[in-house]
Amino acid sequence: MSSPAITPVFVRLKLSLLRNGLRQSAGRKAAYITSAVFALLFAALQLIGLIALRGHAHADAVVVLAVAVLGLGWAVMPLFFPSGDETLDPTRLVMLPLRPRPLMRALLTSSLVGIGPLFTLCLLAGSVVAVARGAAALVAGVAAVALALLVCVALARAVAAANVRLLTSRKGRDLAVLSGLVVAVGAQVVNFGAQRIGASGLGELSPAADVVQWVPPASAIGAVHAVSEGAYGRAGAQLALTAGALAALLAVWSRHLTRLMTSPDGSTLPAADRAARERTSTGLARLLPAGRTGTVMERSLRYVWRDPKTKAAWVTSLAIGLIVPVFNAWQGTGSVYFACFAAGMLGIQMYNQFGQDTSAFWIVALTISSTRDAFAELRARAYALLLITLPYATLVTVLTTAMLGDWRRLPEALGLSFALLGAMLATGAWTSARFPYSIPQEGYKNVAPGQTGLAWISIFGGMVAAALLCAPVIALTIWLNVSAGGDAYAWLLLPAGTAYGAALTLAGLRLAAPRTARRLPEILTAVSKG
């Protein structure tokens, strides 16, 4: 007796999951419908744009790279959005008597249901229309679209199956929060690429496309272009490469799927020894000052390493602080003063210091009974930030200066960076006490509902104040650069900026300490809302 087909069951299950998810709340339904409308609208506009690209000399380079980026998106989607599709977790089906091959067919088919596959289909269809010339190319395009779509879906499934244990753990949630870093870095890369294309035209894409056209799923679109040019041998090789990649992905997925369905979960095994090893000190405490200062510094640094939201903010700031000055220097349009961006990005981490503690701030509040205690707490948090920021800002400044070859302005750039950092530490300490807000521990929001205004005032108001506080050093820099003989004294900006930044930091901590000690109940209430 043959077993019933499970593929229709899984398709209906996927549709039921989508439908039931929309029934949970009106807000979720509105968010889903809005995102779906925008995604479909963007897909339609993209399809029209690709069709309009038909006949352009460099249309093949554009579509090949676009499909390559699309494939990369399918690869990283399960890592950064593990909760976006419940069917990505096959461990939910381990108790069912299902064989791997029928299960794979059912999961692969159900993966074709949704906004993502429809968006992908529109982009692939538009890419084929943009490069296909002749009946043979259109026939090859049909096969190319099917192969490329299946490669994208199988790639997402294989990545999810290989990392499902990670994605369902705390580290997986940390990774999901870091998706903001990918968006931020990707935006800078796209901006850099757009500037290069704007200066030199689409021809800049051709060398990269010549390589990427042999990488699935972009190789499928490359095959369509090859057929249009009459290069049938190259087209056959590219289609065979795409089909081979699909077979390899299915094999990898099958192996991981079988292992997941038959092997025990490591979380069910005794983990006392592992937990004991994790509790063992890393030796960090021995490198920090003794007493309260060292304790607070260690706690702050552990937040940076372990707390998902704090880690995401730090990693994003570190990446953007390096990318902006270095990319501009690489293009030859930058300035050594762009290196101040690194100090500015990391200085933001001083804002809302108590919000990262969330409800655990009550433990800290119990240790603050006077202005002196509050000053010691804020000073130690500033020290922890400086432990990372000072060497990092120096490194970025030296690297930017080296790329531009403008060593004469290195002392000026360093002095400005240190002055800006001191100003942001000062304003950050004050706004942390005056405008605290909660950071939700779950989800992707960084501000609790109803506290958005506080966050805007705290961060952007503090940044404006920091810029005003840096005005004397900026004015001195300008004066030395425009006055006759001022270059001979430009090196003084390094000690002057450093001393000025240190004075601002000390003054800001002194002003924030009494306010922190007085407003402990209000701060505790504000940061515990998430």
Novice: Can you tell me if CZ on R408 sees more than 12 non-hydrogen neighbours from other groups inside 6.0 Å?
Specialist: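 More than 12 heavy atoms, drawn from other residues, nucleotides or ligands, come within 6.0 Å of this atom.
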Novice: Do D60 and Q213 pair up side chain to side chain, a donor and an acceptor below 3.5 Å, judged on atom types alone?
Specialist: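 Absent: no donor and acceptor within the cut-off.
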Novice: Evaluate the side-chain proximity of V464 to F460: yes if any heavy-atom separation is below 4.5 Å, no if none is.
Specialist: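 They are not in contact (no side-chain heavy atoms under 4.5 Å apart), so the answer is no.
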Novice: Show, in sequence, the C-alpha distance, side-chain angles and deciding distance for W253 and L107, and conclude whether the side-chain contact (heavy atoms from CB on, under 4.5 Å) test is met.
Specialist: CA-CA 11 Å; W253 181 20; L107 289 175; 3.7 Å; yes
Novice: Would you say the side-chain atoms of K14 pair up with the backbone N or O of S110, donor to acceptor, closer than 3.5 Å?
Specialist: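 Pair found, side chain donor or acceptor close to backbone of S110.
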Novice: Below 4.5 Å, heavy atoms only, C-beta onward: do Q46 and C122 meet side chain to side chain?
Specialist: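 Result no, sub-4.5 Å side-chain heavy-atom pair not found.
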Novice: How close do V153 and S111 get, heavy atom to heavy atom, and via which atoms?
Specialist: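 The answer is CG1-CB, 3.2 Å.
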Novice: Residues two or more places apart in sequence or in another chain: which of them pass salt bridge (Lys or Arg N to Asp or Glu O under 4.0 Å) with R255?
Specialist: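 Not a single residue meets the salt bridge (Lys or Arg N to Asp or Glu O under 4.0 Å) criterion with R255.
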Novice: R234: which residues meet the salt bridge (Lys or Arg N to Asp or Glu O under 4.0 Å) condition with it, sequence neighbours left out?
Specialist: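 Salt bridge (Lys or Arg N to Asp or Glu O under 4.0 Å) check on R234 returns E229.
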Novice: Return yes if some donor-acceptor pair links the side-chain N/O of N328 with the main-chain N/O of F338 below 3.5 Å, else return no.
Specialist: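 A pair under 3.5 Å: no.
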Novice: If the test is side-chain contact (heavy atoms from CB on, under 4.5 Å), which one of V62, V129, V131 qualifies with L53?
Specialist: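 The passing option is V62.
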Novice: Evaluate side-chain contact (heavy atoms from CB on, under 4.5 Å) for M424 paired with L420, printing each intermediate quantity in order.
Specialist: CA-CA 6 Å; M424 298 197 74; L420 176 61; 4.1 Å; yes
Novice: Which atoms form the tightest heavy-atom contact between T400 and V336, and what is the distance?
Specialist: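 The pair with the smallest heavy-atom distance is CG2-CA, 4.2 Å.
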Novice: When you compare the side chain of W407 with that of V398, does any pair of heavy atoms fall below 4.5 Å?
Specialist: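 Touching, per the 4.5 Å side-chain cut-off.
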Novice: Side-chain contact test, heavy atoms from C-beta onward, threshold under 4.5 Å: evaluate it for R157 versus L257 and give yes or no.
Specialist: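 No, their side chains stay 4.5 Å or more apart.
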Novice: Indicate yes or no: at least one non-hydrogen side-chain atom of L138 is less than 4.5 angstrom from one of V142.
Specialist: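 No; the side chains remain at least 4.5 Å from each other.
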Novice: For T310 and W305, test the side chains for any donor-to-acceptor distance below 3.5 angstrom and give the result as yes or no.
Specialist: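 Judged by distance alone, the side chains do not pair up.
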Novice: Quick one about S254 and R101 (side-chain donor to acceptor, distance below 3.5 Å, no hydrogens or angles considered), yes or no?
Specialist: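 No.
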Novice: What pair of heavy atoms forms the shortest contact from A140 to V227, and how long is it?
Specialist: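 For A140 and V227, the tightest heavy-atom pair comes out as CB-CG2, 4.0 Å.
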Novice: By side-chain hydrogen bond (donor to acceptor under 3.5 Å, both in side chains), which residues pair with T401, not counting sequence neighbours?
Specialist: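 T401 satisfies side-chain hydrogen bond (donor to acceptor under 3.5 Å, both in side chains) with no residue once adjacent residues are dropped.
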Novice: For residues 389-396, which side-chain donor-acceptor pairs fall under 3.5 Å, sequence neighbours excluded?
Specialist:
unit_1 : atom_1 : unit_2 : atom_2 : d
T389   : OG1    : L385   : O      : 2.8
Y392   : OH     : L318   : O      : 2.1
Y392   : OH     : L322   : N      : 3.3
T394   : OG1    : L390   : O      : 2.8

Novice: So which atom in S317 and which in L346 form the shortest heavy-atom distance, rounded to 0.1 Å?
Specialist: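 Smallest interatomic distance, heavy atoms only, reads CB-CD2, 3.7 Å.
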Novice: Tell me, please, which residues at least two apart from Y232 pass ring pair (Phe, Tyr, Trp, His ring centres under 6.0 Å).
Specialist: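 Counting only residues at least two positions away or on another chain, Y232 forms no ring pair (Phe, Tyr, Trp, His ring centres under 6.0 Å).
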Novice: Under the rule for side-chain contact (heavy atoms from CB on, under 4.5 Å), what residues qualify as partners of A106, not counting sequence neighbours?
Specialist: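 Applying side-chain contact (heavy atoms from CB on, under 4.5 Å) to A106 gives I6, T7, F10.
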Novice: Determine, stepwise, if the pair L124 / F119 fulfils side-chain contact (heavy atoms from CB on, under 4.5 Å).
Specialist: CA-CA 9 Å; L124 293 174; F119 178 88; over 6 Å; no
Novice: Counting N and O atoms only, with roles assigned by atom type, does the side chain of S228 sit under 3.5 Å from a partner on the main chain of R133, one being a donor and the other an acceptor?
Specialist: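 Answer holds: yes.
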Novice: Find the distance between OG1 (T120) and CG (L150) and round it off to the nearest 0.5 Å.
Specialist: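 Reported to 0.5 Å precision, the distance equals 11.5 Å.
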Novice: Minimum heavy-atom separation for I320 to P325, with atom names?
Specialist: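 Closest heavy-atom pair between I320 and P325: O-CD, 4.3 Å.
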Novice: L241 and W214: which non-hydrogen atoms are nearest, and at how many Å?
Specialist: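 Nearest heavy atoms, L241 then W214: CD2-O, 2.8 Å.
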